[in-house]
Protein chains: 2
Amino acid sequence: MANSASGDSMTDRIVRVLDTFTSERTVQTAAQIGRRAGLPSSSAHRIVDDLVRAGLLERDEDRRLRLGLRLWELALRGSAALRLRQAALPHMESVQSVVREHTQLAVLEQEEALFLERLSHPEAGANITRIAGRLPLHASSSGLVLLAHAPRALRDRVLAEPLRPLTTETVTDAAVLRRRLAAIRAQGFVVTPGSIEQVSTGVAVPIREGGEVIAALSVVLPRQTSPEPALAALRAAASGIEAALREDRR
Amino acid sequence: MANSASGDSMTDRIVRVLDTFTSERTVQTAAQIGRRAGLPSSSAHRIVDDLVRAGLLERDEDRRLRLGLRLWELALRGSAALRLRQAALPHMESVQSVVREHTQLAVLEQEEALFLERLSHPEAGANITRIAGRLPLHASSSGLVLLAHAPRALRDRVLAEPLRPLTTETVTDAAVLRRRLAAIRAQGFVVTPGSIEQVSTGVAVPIREGGEVIAALSVVLPRQTSPEPALAALRAAASGIEAALREDRR
């Protein structure tokens, strides 16, 4: 019942439809969705109609589609991401009031750093990250913290793959990276000048719950800014978030 | 292909499964999900397996299920809610630094006020709202602002239904409420003492884009607090958010 002739489940097809929406592409026609999701036109139209009826997509006057608030509500209401983000937000605001650049919260998801939250100062410098956006583990400061504390099997897998450079300063040598991850575990933070964008430095620290690293807290600074004040603010915030998570468990 | 024997679409069944998760119930077994979604056990297990494979649900060591980060990512990445919330957040922080209670952003969704964001001061008073939570239009300050500016047909429909009291102070007389909505449109704000919880006062203002009211910004104050300073902060923030949305459109 749930499977199409080609053997993929209806759930997969729905995910493929939702996956065609991005921060740069928030409005699409049903035909565009079908093409981008690799679905036959009739099947794309039927799924889109079902999703509109369920409120997961919304149709405007021009019959173009966007993600529905109902999807947002379903995804957030019972989500662990919301719990972490709520515990983190007041402490991220404290970092933000000191650093006045970009402050971000990321978790490990399918071998990438997924950004749950980002606060930005109106006059802050360049920053490639977006909420619900992803960055490679080996290049971003948050990703490096998450990779350093990831299960060994995942670490070995990531290091065995080709490490794509984002700038000329991204570390792409597996042996160098392995030593760097050990240093991150030992020192409890990372500073990555120019690894994602030549003009910026990332600074990140781990956030722990029950002894496990569950997230990374980071700031993005202009390259010429000294990282020490930001690092002190990040460490204080990480402690505060860890205390809030313990409190929340009771 | 997408329809079960009982005629509901697979999309409906997936929504029913996701809908069993709430802020109080973030972890469930497949059997609990099936029961709460009103699905036959075999069908519930199959949908849950599909959702786990797609990353929309995650299974822990005890085989219990929670909402997956992938769902959160799909819902947020291309969402209009995120755009509004990002435009609003810095201005909500400004309100928060003055009022130091609860500051909230709500939109109209399926005849209720749906809360997109909430900032709370650590020592703030009582507050029933949650992010991705809902409140009735006729009782909450945000809901009253949204209802006052809603299409006439929706307003008439809400006023024709029985208006449930949340406290002894909730206005439940349709004629009284209709006059109140006209006053809200004329004065540009609402103050609702004790309407949701006896100990609190809600204060809300509209946020406009392209001439339409698209959201309400509100604070929840302890009953004895005078609403004027909060109202001034809300009005300044609403102007700031409207300017940010205009800027974002360019």
Side-chain angles (χ1 to χ4, degrees), chain A residues 1-5 9-15 18-27 43 46-47 50-51 53-56 58 66-83 86 89-90 93 96 107 109-110 114 116 118-122 130-134, chain B residues 1-5 9-15 18-27 43 46-47 50-51 53-56 58 66-83 86 89-90 93 96 107 109-110 114 116 118-122 130-134:
Chain A
M1 156 189 107
N3 293 314
S4 72
S9 78
M10 191 63 194
T11 309
D12 290 331
R13 296 180 151 222
I14 290 172
V15 168
L18 299 178
D19 211 10
T20 62
F21 290 86
T22 68
S23 53
E24 282 78 34
R25 194 199 291 150
T26 58
V27 181
S43 149
R46 196 166 49 237
I47 294 174
D50 279 353
L51 289 170
R53 259 192 305 275
L56 303 197
E58 289 168 5
R66 55 181 79 228
L67 295 180
L69 271 176
R70 180 87 177 109
L71 175 63
W72 180 89
E73 182 184 17
L74 288 172
L76 260 79
R77 209 178 41 185
S79 102
L82 185 59
R83 172 177 171 269
Q86 287 299 89
L89 192 59
E93 286 166 9
Q96 193 59 9
V107 294
E109 166 71 4
Q110 297 169 322
L114 175 66
L116 294 187
R118 169 183 148 174
L119 301 180
S120 292
H121 192 265
R130 292 173 180 279
I131 294 174
R134 291 164 175 258
Chain B
M1 156 189 104
N3 291 314
S4 74
S9 77
M10 191 64 193
T11 308
D12 290 331
R13 296 181 151 221
I14 290 172
V15 168
L18 298 178
D19 211 11
T20 63
F21 290 85
T22 69
S23 54
E24 282 78 35
R25 195 200 289 151
T26 58
V27 181
S43 148
R46 197 168 48 237
I47 294 174
D50 279 353
L51 289 170
R53 257 192 305 276
L56 303 197
E58 289 168 5
R66 57 179 79 227
L67 294 180
L69 271 176
R70 181 86 177 109
L71 175 63
W72 179 90
E73 181 185 17
L74 288 173
L76 259 79
R77 208 177 42 185
S79 102
L82 184 59
R83 173 178 171 269
Q86 286 298 89
L89 192 59
E93 286 165 10
Q96 193 59 8
V107 295
E109 165 72 3
Q110 295 169 323
L114 175 66
L116 294 187
R118 170 183 147 173
L119 300 180
S120 292
H121 192 263
R130 292 172 178 279
I131 294 175
R134 290 164 176 260

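These figures come from a predicted structure and were not determined experimentally. So you know, we letter chains A, B, ... as the sequences are listed, proteins then strands, and number each from 1.
- The contact between A/I14 and chain B is made entirely by side chain atoms (from C-beta outward), counting heavy-atom distances below 4.5 Å.
- Within the 4.5 angstrom heavy-atom criterion, only side-chain atoms of A/L89, from C-beta onward, approach chain B.
- A side-chain donor-acceptor contact under 3.5 Å links B/R77 to the backbone of A/F21.
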Q.
Quick one, B/D19 with A/R70, criterion salt bridge (Lys or Arg N to Asp or Glu O under 4.0 Å). Give me CA distance, side-chain angles, the key distance, then yes/no.
A. CA-CA 10 Å; B/D19 211 11; A/R70 180 87 177 109; 3.0 Å; yes

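- Contact of A/E24 with chain B is not made at all, since no heavy-atom distance falls under 4.5 Å.
- Once rounded to the nearest 0.5 Å, the distance linking CD of A/E73 with CD1 of B/I131 reads 13.0 Å.
- Of the atoms belonging to A/L114, it is side-chain heavy atoms, and not backbone ones, that fall under 4.5 Å from chain B.
- Between A/W72 and B/A75 the shortest heavy-atom distance is CA-CB, 4.0 Å.
- Summarising the geometry, atom CG belonging to A/L119 is positioned 8.0 Å from atom CD belonging to B/Q86; distances are rounded to the nearest 0.5 Å.
- Residues B/M10 and A/M10 approach most closely at CG-CG, 3.3 Å, considering heavy atoms.
- Interface remark: A/V107 contributes side-chain atoms only to the contact with chain B (heavy atom separation under 4.5 Å).
- Using a 4.5 Å heavy-atom threshold, the side chains of A/L76 and B/L76 count as touching.
- Not counting sequence neighbours, B/T26 has no partner by the side-chain contact (heavy atoms from CB on, under 4.5 Å) test.
- The CG atom of B/L74 lies 8.5 Å from the CG atom of A/L67; values are rounded to the nearest 0.5 Å.
- Here CG of B/L69 is found 7.5 Å from OG of A/S79. Values are rounded to the nearest 0.5 Å.
- Both the backbone and the side chain of A/L116 come within contact range of chain B, judged by heavy atoms closer than 4.5 Å.
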Q.
What verdict does the side-chain contact (heavy atoms from CB on, under 4.5 Å) test give for A/L71 and B/L71, after you've listed the backbone C-alpha separation in whole Å, the side-chain angles of each residue and the deciding distance to 0.1 Å?
A. CA-CA 9 Å; A/L71 175 63; B/L71 175 63; 3.9 Å; yes

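- For chain A, the nearby parts of B/L18 are the backbone and the side chain; heavy atoms of each come within less than 4.5 Å.
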